Amino acid sequence: MRLGVLVSGRGSNLEAVLAAVADGRLPGIEPRIVISNRPGVHALAVAERHGVPTRVLSRSVMPDPGARDGAIGQALAEAGCEIALLAGYDRLLRAPYFAAFDGETINIHPSLLPRHGGRGMVGLAVHAAVLAAGDAETGVSIHRVSADLDAGPLLAQVRVPVRADDDPESLARRVLTVEHAFLVETLGRLGREGLLEGASASMTGAPSVTDASGESVKGP
Ligand code: GRF
């Protein structure tokens, strides 16, 4: 499955995916392009280190947001991508993106969507919101992307317990570690089965995993 990855910053999820590809742990996944909406970010260095072609389509390169999103979709299409992964991509994708790229687009988000998703729910804000709400658990969601922020159908979730002594930073660190493993696991399933929806998720050692129907398929 030919993969494009959209990034905006650190690129630790991108690193997890490209390291797994390099190790032969994702035989069905072929990274074709990494596209950033911000120049000079660490994620671009990660892509270059792994020999994956990069593009920067930033506001300064292309000020019109619709035209920029269309160009991102077109770059994915031209690279022959079948699927696009938003791995820390920090902008909403508008209709011209979906018009230019008709492959699957998926996003990884560090909470149990629909809890703590949507506008402003990025970085530490997500984990601060989990703690402020007094949630006993949080997690990671991988979902299809539509034009609505954090609103496409859920494909897979994994749960992460919240500890009494957690602060946003400690929770963010623990969730991020789970993200890396869960993303690789989920992409592996995608590469093998070609289709995520309706397939059961599993992750060794994970407290629990739910599938798209919300049914628990793996207990503690
Ligand atoms: C991750 O927590 C991801 O779930 C969210 O943004 C963060 C990106 O981190 N969408 P990184 O750039 O992959 O390190």
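Note that the coordinates shown come from a computational prediction; the quantities given were computed from them, not determined experimentally. Every number for a ligand or one of its atoms is a count from 1 in the order of the listing.
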- Task: State plainly whether the residues E15 and R49 are in salt-bridge range, i.e. N to O under 4.0 Å.
- Result: yes
- Item | ILVMFWY network linking V52 to L44, side-chain heavy atoms under 4.5 angstrom | no
- Item | Ion pair check, R163 and D165, cut-off under 4.0 Å | no
- Message: Given a heavy-atom cut-off of 4.0 Å, could you list the residues near ligand 1 in chain and number order?
- Response: R10, G11, S12, N13, G88, I108, H109, P110, E179
- Hey, are R2 and E30 close enough for a salt bridge, meaning a charged N less than 4.0 Å from a carboxylate O? no
- Task: For P39, enumerate each residue passing the side-chain contact (heavy atoms from CB on, under 4.5 Å) test, keeping only those at least two apart in sequence or located in another chain.
- Result: V56, S58
- Pair R174 + D166: basic N to acidic O under 4.0 Å: yes
